[in-house]
Amino acid sequence: MDTKELIHKCQVITIREEDKAKITLEVNLDKKKEQMMAGCLVGKVMLAKGVNKEGLKTALQQVWRTFKEVKIESVGNNIFMFKFAEEADKKRVLKGGPWHFNRALIVLAKPRGIGEVAKQSFTHTSFWVQIRNVPLACMDKDFLWDLGGKIGSVEEVQTDDNGDCIGEYARIRVSINITQLLERILFLKQEDETDIPMPVVYERLPDFCYCCGIIGHQYKECGKY
């Protein structure tokens, strides 16, 4: 076979898409995933402009005050991986939120699946909310759990040592979908009586859009502005 014929045969060779080199994940991936993801959180800073990693690290070290240093790495688009040396630190940070950077919300979550960045969800975060003007007869844990469900997914209803909820307001920890409009007031309907308004106050609420009422951007960045 001469050189010209060899070149011609090589040119007409095609490679089907399914024949291209593929990497097969090992069957034992679940165990490796657990080892790799142990102690990790992923988080997104809800800012339109880029976030400086060192600035974020310095700010979080001051407010988190973990027993051991947290390793922080950027994975792009204001998304960061947080590697905790102590499981107790990770749990305390998750429970202690919401956290902010430059007045913008940091949405923290446990990595999903094998940690593909594109498949991580940053739509929900937990807030302590105060529901004010709740009638005394309604300051019951079960009722307040249902009431908090009108705002989001209830995680905890604060009670005293005796399990009672009586106080100036009801305090409930709720996981909220930050892509939706924030509930600012609830109404308790009464038969043959005027509805009772119950304002909702979000503790440690970051900057949010006053045009559309959604967290994640400021009013100057809103399409409705």
Side-chain angles (χ1 to χ4, degrees), residues 36-112 115 117 120-132 148 151-160 167-180 182-184 200-210 213-221:
M36 290 290 292
M37 297 293 103
C40 286
L41 293 176
V42 289
K44 182 171 184 178
V45 183
M46 308 303 287
L47 269 177
K49 62 182 181 180
V51 173
N52 178 270
K53 184 186 79 171
E54 293 305 317
L56 176 66
K57 183 176 181 179
T58 299
L60 292 182
Q61 283 177 338
Q62 293 175 355
V63 294
W64 282 357
R65 298 181 180 178
T66 54
F67 293 109
K68 292 187 178 180
E69 185 177 358
V70 179
K71 185 177 181 181
I72 301 177
E73 294 295 341
S74 172
V75 292
N77 297 321
N78 285 352
I79 301 172
F80 297 84
M81 184 195 78
F82 304 91
K83 178 70 173 177
F84 292 81
E86 294 284 345
E87 181 69 15
D89 281 334
K90 185 183 83 169
K91 290 181 178 180
R92 187 167 57 83
V93 165
L94 265 181
K95 193 171 182 180
W99 304 101
H100 311 144
F101 178 69
N102 282 354
R103 300 182 61 127
L105 179 67
I106 304 173
V107 181
L108 291 173
K110 295 178 181 178
R112 300 173 61 183
V117 175
Q120 304 309 305
S121 176
F122 301 102
T123 58
H124 289 73
T125 198
S126 298
F127 286 87
W128 279 105
V129 299
Q130 301 171 10
I131 304 180
R132 298 178 176 271
I151 302 171
S153 177
V154 177
E155 298 174 345
E156 183 180 350
V157 173
Q158 187 179 69
T159 63
D160 61 20
E168 183 181 350
Y169 49 79
R171 190 167 184 258
I172 307 170
R173 188 161 179 83
V174 185
S175 176
I176 296 169
N177 186 338
I178 63 170
T179 67
Q180 297 180 357
L182 290 177
E183 293 286 354
R184 305 298 292 179
V200 180
V201 178
Y202 295 81
E203 296 183 8
R204 295 164 64 182
L205 182 67
D207 281 350
F208 76 105
C209 180
Y210 289 91
I214 293 176
I215 299 173
H217 61 272
Q218 297 181 0
Y219 72 95
K220 291 183 179 179
E221 302 163 345

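Note that the structure is a prediction, hence the values are computed from the model and not measured.
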Residues in side chain to side chain contact (heavy atoms under 4.5 Å, CB included) with [X], at least two apart?
X      : value
Lys71  : Glu73, Lys83
Ile72  : Lys53, Lys57, Leu60, Val70, Phe80, Phe82
Lys95  : Glu156
Tyr169 : Gln130, Arg132, Arg171

Who are the side-chain hydrogen bond (donor to acceptor under 3.5 Å, both in side chains) partners of [X], not counting sequence neighbours?
X      : value
Ser126 : Glu155
Asn52  : none
Ser153 : none
Thr58  : none

If I take atom [atom1] from residue [X] and atom [atom2] from residue [Y], how far apart are they, to the nearest 0.5 angstrom?
X      : Y      : atom1 : atom2 : answer
Thr125 : Ile176 : OG1   : CD1   : 8.5 Å
Leu56  : Asn102 : CG    : CG    : 9.0 Å
Leu108 : Trp99  : CG    : CH2   : 9.0 Å
Ile131 : Glu183 : CD1   : CD    : 10.0 Å
Trp128 : Arg173 : CH2   : CZ    : 6.5 Å
Leu47  : Phe101 : CG    : CZ    : 7.5 Å

task: Output yes when a side-chain donor or acceptor of Arg103 lies under 3.5 Å from a complementary backbone atom of His100, and no otherwise.
output: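 Not a single qualifying donor-acceptor pair exists.
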
task: Kindly say whether Val51 contributes a backbone atom to a donor-acceptor pair with the side chain of Asn78 at under 3.5 angstrom?
output: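 Between the backbone of Val51 and the side chain of Asn78 there is a qualifying donor-acceptor contact (under 3.5 Å).
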
- request: Starting from the C-alpha separation in whole Å, work towards a yes-or-no answer on side chain to side chain contact (heavy atoms under 4.5 Å, CB included) for Phe127 and Val200.
  value: CA-CA 12 Å; Phe127 286 87; Val200 180; over 6 Å; no

Closest contact, heavy atoms only, [X] versus [Y]:
X      : Y      : answer
Phe84  : Thr66  : CE2-CG2, 4.3 Å
His124 : Ser175 : CB-OG, 3.8 Å
Val45  : Ala104 : CG1-CB, 4.3 Å
Val42  : Gln120 : CG2-OE1, 4.0 Å

- request: Report yes if the side chains of Lys110 and Arg112 come closer than 4.5 Å at any heavy-atom pair, otherwise no.
  value: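 A side-chain contact is absent here, since even the closest heavy-atom pair is not under 4.5 Å.
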
message: Counting C-beta onward and ignoring hydrogens, is there a side-chain heavy-atom pair between Gln158 and Ile172 closer than 4.5 Å?
response: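 No, side chains not in contact.
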
- prompt: Which residues pass the salt bridge (Lys or Arg N to Asp or Glu O under 4.0 Å) test with Arg92, sequence neighbours left out?
  reply: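 With sequence neighbours excluded, Arg92 shows a salt bridge (Lys or Arg N to Asp or Glu O under 4.0 Å) to Asp89, given in chain and number order.
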
message: Test of understanding: with salt bridge (Lys or Arg N to Asp or Glu O under 4.0 Å), list the residues that count as partners of Glu54, not counting sequence neighbours.
response: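 Salt bridge (Lys or Arg N to Asp or Glu O under 4.0 Å) list for Glu54, sorted by chain: empty.
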
